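Model, not experiment: these values are computed from the prediction.
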Amino acid sequence: MAHKKKRRNARGAKRISQIIGGSGSNGLLNNRKASKTNRITKTTRSFMSDQPLIFSWNFSVAVLGFSSSISPVFLQDGVFSLDNNPQLGSLIFNPPTGTVSSLTSAITLTQPVNVSELTEAFIRCGIWTRQENTNNFIPTNIFVDLPKFTGLKPVGTHFTATAHLSNSVDAREEFLLVYSLMFTSNPNVGTGISGIGKATIVFN
């Protein structure tokens, strides 16, 4: 009987050793450390305008900072430059090296906007990057398009959307967060937007 109990105890000890990692409490600690190492670290950057963003189709954009904004910023051949807008330097940010996993944007109109029934308009919030060896900022493929609209939209109309992304970024890049007005077709020249904007970028 004594021999049978010893065998059972030995088997039980072996099972316990397998469950906790073969090294007693050290096995559990090692497992915890490994799970912490494997967790994805997320960094969130939030942006909000301190005054209405003002921008219009193919003419100007609005640049949003962490707690401030500058608009309108006038375009030249679809881009803008720090040479003509040195104040934008205060809104430039560097991303953490990694991946942009999502971009959420919203805007609430502070002035009504009227879009012809013959087309649809939408607001795009996107990251623009500094072109290499220049002071020009150009659009990237990191953006979110807010819902399309047509007709008259009154003060207080709220648009929001989230884009789930997987874009690699590097901490050496220089970014600006930019709002622009787009049309699906037949753009209404002279149409402009005024609204309070906010956005969140999640980096992994």
Side-chain angles (χ1 to χ4, degrees), residues 39-58 60-73 75 78-80 85 88-113 115 119-130 137-151 153-184 187 191-204:
R39 286 176 193 159
I40 296 173
T41 302
K42 291 187 177 181
T43 301
T44 301
R45 300 279 177 86
S46 297
F47 304 75
M48 180 172 285
S49 57
D50 57 342
Q51 57 190 343
L53 304 175
I54 299 170
F55 52 101
S56 58
W57 176 78
N58 205 38
S60 64
V61 296
V63 180
L64 186 59
F66 297 126
S67 60
S68 60
S69 61
I70 297 173
S71 67
V73 176
L75 299 172
V79 303
F80 58 83
N85 304 277
L88 292 175
S90 64
L91 303 186
I92 293 173
F93 67 98
N94 302 97
T97 296
T99 302
V100 177
S101 60
S102 69
L103 170 55
T104 299
S105 175
I107 192 168
T108 303
L109 298 182
T110 54
Q111 294 291 332
V113 59
V115 172
T119 187
E120 289 181 309
F122 61 95
I123 296 164
R124 174 170 290 178
C125 174
I127 291 176
W128 290 41
T129 187
R130 190 181 210 158
F137 275 78
I138 58 174
T140 70
N141 60 351
I142 305 172
F143 61 84
V144 58
D145 290 338
L146 277 61
K148 297 180 179 69
F149 63 94
T150 191
K153 296 300 176 186
V155 172
T157 300
H158 184 74
F159 301 100
T160 186
T162 297
H164 298 284
L165 307 163
S166 183
N167 297 80
S168 297
V169 292
D170 188 279
R172 293 169 295 182
E173 296 179 275
E174 293 180 289
F175 287 161
L176 287 169
L177 190 65
V178 177
Y179 278 73
S180 53
L181 178 63
M182 316 285 282
F183 285 88
T184 55
T191 300
I193 297 290
S194 174
I196 298 295
K198 63 179 181 178
T200 302
I201 306 173
V202 178
F203 300 91
N204 285 341

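- Listed for the T110 side chain is a donor-acceptor partner under 3.5 Å among the backbone atoms of S194.
- Between W128 and F80, the ring planes lie parallel to each other; the angle is under 30°, not in the 30° to 60° tilted range.
- The minimum heavy-atom distance linking L181 with T191 is given by the pair CD2-O, 3.5 Å.
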Next on the checklist: Would I142 and I201 count as a side chain to side chain contact (heavy atoms under 4.5 Å, CB included) here? Give the steps.
Outcome noted: CA-CA 10 Å; I142 305 172; I201 306 173; over 6 Å; no

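- Listed for the T108 side chain is no donor-acceptor partner under 3.5 Å among the backbone atoms of H158.
- For the residue pair T99/S166, the side-chain donor-acceptor check at 3.5 Å is not satisfied.
- Closest of all the heavy-atom pairs between A62 and L53 is CB-CB, 3.7 Å.
- A salt bridge is absent between K148 and E120; no separation between the charged side-chain nitrogens and carboxylate oxygens falls under 4.0 Å.
- A heavy-atom distance below 4.5 Å is found between the side chains of F175 and V169.
- Listed here is the closest heavy atom pair of G192 and V113: O-CG2, 3.5 Å.
- In this structure the side chain of L75 reaches within 4.5 angstrom of the side chain of V61, judged on heavy atoms.
- Without hydrogens or angle criteria, S49 side chain to G197 main chain gives a donor-acceptor distance under 3.5 Å.
- Remark: side-chain polar atoms of T157 are not paired, donor with acceptor, to backbone N or O of L109 under 3.5 angstrom.
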Next on the checklist: Could you walk me through whether S46 and M48 satisfy the side chain to side chain contact (heavy atoms under 4.5 Å, CB included) test, starting with their C-alpha distance in whole Å, then the side-chain angles of each, then the deciding distance to 0.1 Å, before giving a yes or no?
Outcome noted: CA-CA 7 Å; S46 297; M48 180 172 285; over 6 Å; no

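- The side chain to side chain donor-acceptor pair (under 3.5 Å) contacts involving residues 63-72 comprise D50-S69, where partners must be two or more places apart or lie in separate chains.
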Next on the checklist: Evaluate L146 against I107 for side chain to side chain contact (heavy atoms under 4.5 Å, CB included), listing each step before the verdict.
Outcome noted: CA-CA 9 Å; L146 277 61; I107 192 168; 3.7 Å; yes

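- Contact annotation: the side chain of N85 never approaches that of I70 to less than 4.5 Å [non-hydrogen atoms, C-beta and beyond].
- No side-chain heavy atom of E174 sits under 4.5 Å from any side-chain heavy atom of T129.
- Residues meeting the salt bridge (charged side-chain N to carboxylate O under 4.0 Å, His left out) test with E173, sequence neighbours left out: none.
- Between P96 and R45 there is a side-chain heavy-atom pair separated by less than 4.5 Å.
- The closest side-chain heavy-atom distance from T162 to V144 is not below 4.5 Å.
- Taking both residues in full, the closest heavy atoms of F66 and F93 are given as CZ-CB, 3.8 Å, listed atom of the first, atom of the second, then distance.
- Listed by first then second residue, pairs satisfying salt bridge (charged side-chain N to carboxylate O under 4.0 Å, His left out) with a partner in residues 191-204 number zero, not counting sequence neighbours.
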Next on the checklist: As a quick check of understanding, evaluate side chain to side chain contact (heavy atoms under 4.5 Å, CB included) for V178 and L64, giving each step before the final call.
Outcome noted: CA-CA 6 Å; V178 177; L64 186 59; over 6 Å; no

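- For the 3.5 Å distance criterion, the side chains of H164 and S102 fail to qualify, holding no donor opposite an acceptor.
- Closest non-hydrogen pair, A121 versus F183, comes out as CB-CE2, 3.6 Å.
- In this structure, the side chains of F55 and S60 come closer than 4.5 Å at one or more pairs of heavy atoms.
- Scanning both residues, G65 and L91, for their nearest heavy atoms gives CA-CD2, 3.9 Å.
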